[in-house]
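Shown next, in C-alpha cells, is the structure this report addresses.
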There are 2 protein chains.
Amino acid sequence: MQESRKKKVRGRQGSVFTKEALMSAAAAAFADRGFDGATVEFIARKARVNKAMISYHFGGKEGLYHAILLSTFAPAVERMKALRDSDQPADQQLKQFVDLFAGLVARQPRFPAMMLREVLSGGRHMDEEILPLFLTVFSTVREIVAKGIRSGQLRSVDPLLTHLSLIGALVFYFATEPLRDRLFAEGKLPVVKQPPAAFVKHMQEMVARGLAAELPKDAPGSTGD
Amino acid sequence: MQESRKKKVRGRQGSVFTKEALMSAAAAAFADRGFDGATVEFIARKARVNKAMISYHFGGKEGLYHAILLSTFAPAVERMKALRDSDQPADQQLKQFVDLFAGLVARQPRFPAMMLREVLSGGRHMDEEILPLFLTVFSTVREIVAKGIRSGQLRSVDPLLTHLSLIGALVFYFATEPLRDRLFAEGKLPVVKQPPAAFVKHMQEMVARGLAAELPKDAPGSTGD
DNA sequence: GTCTATAGGCTGATAGAC
DNA sequence: GTCTATCAGCCTATAGAC
C-alpha cells in the first residue's frame, strides 16, 4: 500500500490541515502556559507539525495567536448579535445566552482560558481588529439586561455588573475545568463531578431568580409573555 | 543631612523591606504577564531592587512565586475558617464571605489575577504546602451552602456549583479590573464606572435571591434562625 | 509546503567585590 | 545585604535545500 509515498498518503492535507492543527494546539498551549510559556517548539510538537510552519503560515507566534482570536471571535460575535436582536423576552434571551456560550466552548474548549489570560494581560494582544469583536461580546448581556429592565421584566440591576457576574462565572468555570478534573482524579475533591450541563443549568436558575422583578403583592400572571 | 550615608538613611530597610518590595512587585508582574512573561529583571526594576536579590532572598524566581502564594494564602485561610465556623445562619455567612473576599483583595489587589493564572495552568506551581491551603478556600463556600441546605434556609442547590459560580464571578471581577479601567479611560465602555463596592453588593443580592429557599404558600416567619 | 541548521537575542542565575 | 559583570541555556525567526 505505497507506505513510502507519504505525500500522497497525506493528500492535500498541507496548508489547511497544518494551519488548523497549529491553531488548535496553540490555543491549548496558550491557555495552559500563557503566551510566553507556550514555546513555538511545544506548539509545533503538539500539532505534529514542523515549527518553521508557524512562521510560514502565520508570520510568527504573534500572528498565530492573533489568528486564533480572530477565527474564534468572528463566528461567536455573529451568534451573539443574532441572539441580542432576536424577538424574545429578556429572561429567555439570557437563558439562551448561557446555552450559546456553552455551545461555543464545546467547539473551542480552551478558548475561555486563553481569552481570560488575554484579559488579565490588560488586552495587550488585542488590536483594532480584535477589540471591536471583544466589545461586542462585552455588550450582549448588558443590552439584553437593559432591555429587560425597561420592559419591567427584570428588577432594576446594573447591566454591566450583571454582565460581569454572569460571564465571569461562565468563563471561570470552563477555563478552570482542567484543574478540577485533576483534583477529581486525585481524589482531592470529596464531591461527585457534575457534567458541564449541570453548571449551565445552575447559572440559568441563578440568573432567573437573581434578576426576576419583584412580584407585586398578589399578581396572578407574571408567567406568560 | 548626611545624604551620602545611604545605608544609614535607609535604616534597617534591608532584608524585610527588600523582600516585601519584591513580593509586591512580583505579584503584579505575575498577574499582568504570567510566570514566564514576568522576567526577574522587570520585577526587580519595579521593586527598585537589584535583581540578584531575588536569588539571594528567595532562591530564584520560582521561590519568589511560592513565597507570594504562601504569605497570601496563610492569613486568608485563617479568616475563611473563622467565618465557616462562626455561629451564624448560612445566608449571613455567604454575605460575609463576599465582604471577606473583597477585604482580602483590598490588601493584595493583584493576587486574584495571579492566582487565576495559576489555576489556568492546572496548578503547576502548587506543591504539598500550598495545595491544602487552596483546597481549604475551595471548601468554604461549599460547606456554608451545604449547611444552609440542611437547615432548610437555602434551596437545594449543588454546593460545588454554587461555590464555582460565586468565587468565579468574584475572582473574574477583581482580576480583570485593570482592563476595564483601561477601557473606561479610553471611552470604549459607554457606561459609568461603578466602584468595587457596587459589585460586592450586586453579588450579595444575586446570591441571596438565587439561593433563597422557595417560600411556602404563605409562611409568616422564614426570617429568624 | 515542509524540513534542517543556525543565527541572534534574551533570560535566570551566580561569582566575587564591596 | 547589595551590586556589577558574566555565562550557559533557551527562545524565535529564517535562509536555503528539497
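No hydrogens, no waters, no symmetry mates; every other heavy atom, side chains included, goes into these values. All chains are named by letter (A, B, ...) in the order of the sequence lines, taking the proteins before the strands, and each is independently numbered beginning at 1. Computed from a predicted structure; not experimentally measured.
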Without decimals, in angstroms, what is the distance between [X] [atom1] and [N] [atom2]?
X: B/Phe58; N: C/dA13; atom1: CZ; atom2: C1'; result: 16 Å
X: B/Arg33; N: C/dG12; atom1: CZ; atom2: C1'; result: 17 Å
X: B/Ile43; N: C/dT11; atom1: CD1; atom2: C1'; result: 12 Å

Q.
Under the ring-ring contact (aromatic ring centres under 6.0 Å, His included) test against A/Phe199, which residue among A/Phe172, A/Tyr173, A/Phe101 passes?
A. A/Tyr173
Q. Any cation-pi pair here, B/Arg33 with B/Phe42, using under 6.0 Å and within 45°?
A.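 Geometry flag: set, cation within 6.0 Å and 45°.
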Q: Ignoring hydrogens and angles, tell me if any N or O in the side chain of B/Ser24 forms a donor-acceptor pair with the backbone of B/Ala21 under 3.5 Å.
A: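 No.
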Q: Could you list the residues that satisfy salt bridge (Lys or Arg N to Asp or Glu O under 4.0 Å) with B/Glu186, not counting sequence neighbours?
A: B/Arg182, B/Lys188
**Q.** B/Leu183 vs A/Leu135 side-chain heavy atoms within contact, under 4.5 Å
**A.**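 Yes, their side chains come closer than 4.5 Å.
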I'd like a table of atom pairs between the protein and nucleotides 12-15 of chain D - only N or O on both sides, under 3.5 Å - with the distance next to each one.
unit_1, atom_1, unit_2, atom_2, d
D/dT12, OP1, A/Val40, N, 3.3
D/dT12, OP1, A/Lys61, NZ, 2.7
D/dT12, OP2, A/Val40, N, 2.9
D/dA13, OP2, A/Lys61, N, 3.1
D/dA13, N6, A/Lys51, NZ, 3.4

